[in-house]
Undergrad: 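What follows is a single structure, and I will ask about it in a moment.
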Amino acid sequence: MSGMIRSKACDIRHKRGQGDYQSEPERKRFKEEINMTDAASQKAANFSALLTRPNGVQKGSSNLKSSTAKKLTIKNFKDKPKLPENYQQETWEKLKEAVIAIQTSKSIKYSLEELYQAVENMCNHKMAATLYTNLAGLIEADVKASIEQFTTDSMDRLIFLKNMNDCWHAHCQQMIMIRSIFLFLDRTYVLHNPAIHSIWDMGLELFRTHIALNTRIQSRIVQGLLYLIDQERSGDTVDRTLLKSLLRMLSDLQVYKEAFEVKFLQATERLYSAEGQRLVQSLDVPEYLHHVDKRLLEEKERILHYLDSATKVPLIHTVEWQLLNGHLNTILQKGLDNLLEENRIQDLTLLYNLFKRVKKGLNELCSSFNAYIKKTGRTIVIDPEKDRTMVQELLDFKDKMDQVIITCFQSNEKFSNSLKEAFEYFINQRANKPAELIAKFVDCKLRAGNKEATEEELERLLDKIMVLFRFIHGKDVFEAFYKKDLAKRLLVGKSASVDAEKSMLSKLKQECGGGFTSKLEGMFKDMELSKDINVAFKQYINNLPSTGNASNEVPLDLTVSILTMGYWPTYPVMEVTLPQRMAHYQDHFNKFYLVKHNGRKLQWQPTLGHCVLKATFTQGKKELVVSLFQALVLLLFNESDNVPFEDIKAATSIEDSDLRRTLQSLACGRTRVLSKIPKGRDVDDGDKFMFNPDFTNKLFRIKINQIQMKETPEEQKATEERVFQDRQYQIDAAVVRIMKMRKSLSHNLLISELYNQLKFPVKPADLKKRIESLIDRDYMERDKDNANQYNYMA
């Protein structure tokens, strides 16, 4: 039994010697081991009492030996056994000798069960208080003796820390052994006296009082620990086990926070304050960000390896504050624009993650992000030289910034809203032009000549364009140019896809409502109705007996698009001289249509017409896709190979400017089916034109550029004028509507109401002009007593 207790105690001493007993899991294991030791000691003590007590125990033992058939019975004492004289003194001397042997690392003469029984006997005979006091005195004397080795200042810092660590471990091992002997005292006397410490806590308290709270010793311990941590932060290798053990010692002695943590955080603040101010100026932003991230990881490792977990929050906060919080503006001004410009995804992600740690970090980052978008976007929109590529650049820029928000900024809604606000700001810095260019960009993508994308890609592109469209204030400008371009695509038959056209129309309707797209929808309805009308017209022509063609004439196929005035853009009225056969077919269509739709009037628009002509050259037969003006000119060369400019003008009645551009496209462009005499790029009075029989082209069907279909500056200006005029009508209608409802209103309130109702940007001066115009036309009047007040005139 004695051997068992010794073995267990030695096993405990071995484990305590590792220096890891302070952690909570190991405290639990320690309590389990102590309980096992207690149980074993209790059994040993009971067994010892059975063998040594005189009343019936020995007799019972001999009877057990002589006859196994007899039953062993143990009876209670009739009288309490008396202790020998001087028992207390002799027993304490024995226990004192054992304690001193433990403290001096010498062997104990007595068995642990004998010592345990001696403690139990003293406790049972009311000697526990004296025993506890004597034991405390021994332990205190030993602790005081340990102080002497730490009083000299000549000891090296590292040696001092190692000696302190050895002293601490030795003290803990001693207390474990001492407590195993005095366990009965701990479980009886101490347990019933809450005012006194347990034997283990008594040892800690004495160590804390005489060593840990000693000013000189504590100061050297803390300075040594700070020195080792500083060395590690500088890149040197240090003994982390020693750091961990001593810091756990301070924690167990309950002086960690006051003695170490405060000074440690102050040293950390000084270190990183100086480091941050130095490196933020000398390093590039990506390098500095990686340095900060590295420092944070290092401090987290220190918390895992040896610092108390309670230090984590103030430590990380100190690092973040010194390396980040004081340098937010410097980092952003110095490097954010470059990171965004170069699309440094990883660095931007790190920037966001670091700024997220600081209280105002994301606000500052979002503001700088917004400023960058406004600055970059404005350079795209304002520069007239970028008009040809503006929309594509805006789409690419939007995609790039969206990707940054999704990938780097974790799809933060605050950054998404900031992006929208910035786009809306800069895209309207140049009034009307972005809306016009977006409409033309859509036209380019929806033309039949656009072979760059599949239907799915085109659909995605239209969705992106709609995002830009939402940012535009002058949506009526977009509508005007989009309607004009849509008319050309529908009338010339050059739309890439009817599905794509209707998809775009659906997107516009969903965004702006049915009123915005009603005219556009009417254009599609006109085209559908025109198909049915042309089928009926062909049947009508076939049933006419007088429409038979001469044997040498090529059949003429006439297709007419009936356009409802009001749905379509306004085109200038122009009269031209058609060949007899074309005029004949035109008269037939007039009769056919007006019979079915009595009361309507047809107004022909030659500027929108196009033809397919069959021509014979030396190389062979070709088909020429030309405008009506081009066709009228080319048909003149069926009668003569050489026609002067004046004769062409007289025969076709085409306006001078349009005729000159038409002749340029036929004789001076890439497709020269006519020759001009004299040669040159411009068409002048007196020029002669000849049919070019030597014209060659590898294609059978050749499209000659329709110059009159290209937008001229005059047409663009006319479109803008129509938009301006429509806006005036809308302002007038809004003013009358408001005044009719309110009857009387001040100037400022009227202006405020107009800003709320009008969906396009408008200046106060323009509103004032429209109000004055309505007053002149007697729709409203100024109040006689207050010139700033308006009254509605019913």
Undergrad: Could you pull out every donor-acceptor pair under 3.5 Å between side chains of residues 353-362 and any protein atom, sequence neighbours left out?
TA:
{"residue": "Asn353", "atom": "OD1", "partner": "Gln410", "partner atom": "NE2", "Å": "3.1"}
{"residue": "Asn353", "atom": "ND2", "partner": "Thr349", "partner atom": "O", "Å": "3.2"}
{"residue": "Lys356", "atom": "NZ", "partner": "Gln410", "partner atom": "OE1", "Å": "3.4"}
{"residue": "Arg357", "atom": "NH1", "partner": "Glu320", "partner atom": "OE2", "Å": "2.8"}

Undergrad: Enumerate the residue pairs fulfilling salt bridge (charged side-chain N to carboxylate O under 4.0 Å, His left out) with a member in residues 192-213, sequence neighbours excluded, ordered by first and then second residue.
TA: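 Matches after skipping sequence neighbours: Glu205-Arg208.
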
Undergrad: Which residues pass the salt bridge (Lys or Arg N to Asp or Glu O under 4.0 Å) test with Glu298, sequence neighbours left out?
TA: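 Checked Glu298 against salt bridge (Lys or Arg N to Asp or Glu O under 4.0 Å); matches are Arg295.
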
Undergrad: Count the heavy atoms of every other residue, nucleotide or ligand shown that sit under 6.0 Å from CD of Glu93, and state whether that count exceeds 12.
TA: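 Yes, CD of Glu93 has more than 12 neighbouring heavy atoms, counting only those of other groups under 6.0 Å.
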
Undergrad: Could you pull out the closest heavy-atom pair between Val285 and Ile331, with the gap in Å?
TA: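 Heavy atoms only, the tightest pair is CG2-O, 3.6 Å.
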
Undergrad: Looking at Asn214 and Arg216, would you say the former's side chain and the latter's main chain have a donor-acceptor pair under 3.5 Å?
TA: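 Side chain of Asn214 to backbone of Arg216: a pair is present.
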
Undergrad: Taking Ser180 for its side chain and Met177 for its backbone only, find out whether a donor-acceptor pair lies under 3.5 Å.
TA: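 Yes; at least one donor-acceptor contact below 3.5 Å.
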
Undergrad: Which word best sums up how the rings of Phe415 and Tyr352 line up, parallel for under 30°, tilted for 30 to 60°, or perpendicular for over 60°?
TA: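 Geometry flag for Tyr352 against Phe415: perpendicular rings.
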
Undergrad: Step by step, work out the side-chain contact (heavy atoms from CB on, under 4.5 Å) result for Tyr306 and Glu232.
TA: CA-CA 13 Å; Tyr306 52 78; Glu232 187 181 45; 2.5 Å; yes

Undergrad: With a 6.0 Å cut-off (strictly less than), is the heavy-atom count around NZ of Lys312, excluding the residue itself, greater than 12?
TA: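 Counting neighbours around NZ of Lys312, 12 or fewer heavy atoms of other residues, nucleotides or ligands fall under 6.0 Å, so no.
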
Undergrad: Take the angle between the ring planes of Phe264 and Phe260 and call it parallel below 30°, perpendicular above 60°, tilted in between.
TA: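 Parallel, since the angle between the ring planes stays under 30°.
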
Undergrad: Set out, in order, the CA-CA distance, both residues' side-chain angles and the distance that settles side-chain hydrogen bond (donor to acceptor under 3.5 Å, both in side chains) for Gln117 and Asn121, then state yes or no.
TA: CA-CA 6 Å; Gln117 182 61 46; Asn121 290 337; 2.8 Å; yes

Undergrad: Hey, are Asp239 and Lys162 close enough for a salt bridge, meaning a charged N less than 4.0 Å from a carboxylate O?
TA: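 Between Lys162 and Asp239 there is no salt bridge, as every charged N stays at least 4.0 Å from the carboxylate O atoms.
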
Undergrad: Do Arg344 and Leu351 come close enough that some side-chain heavy atom pair is under 4.5 Å?
TA: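 No, their side chains stay 4.5 Å or more apart.
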
Undergrad: Report yes or no: does His210 contribute a side-chain atom to a donor-acceptor pair with the main-chain N or O of Glu140 at less than 3.5 Å?
TA: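 It does not hold such a pair.
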
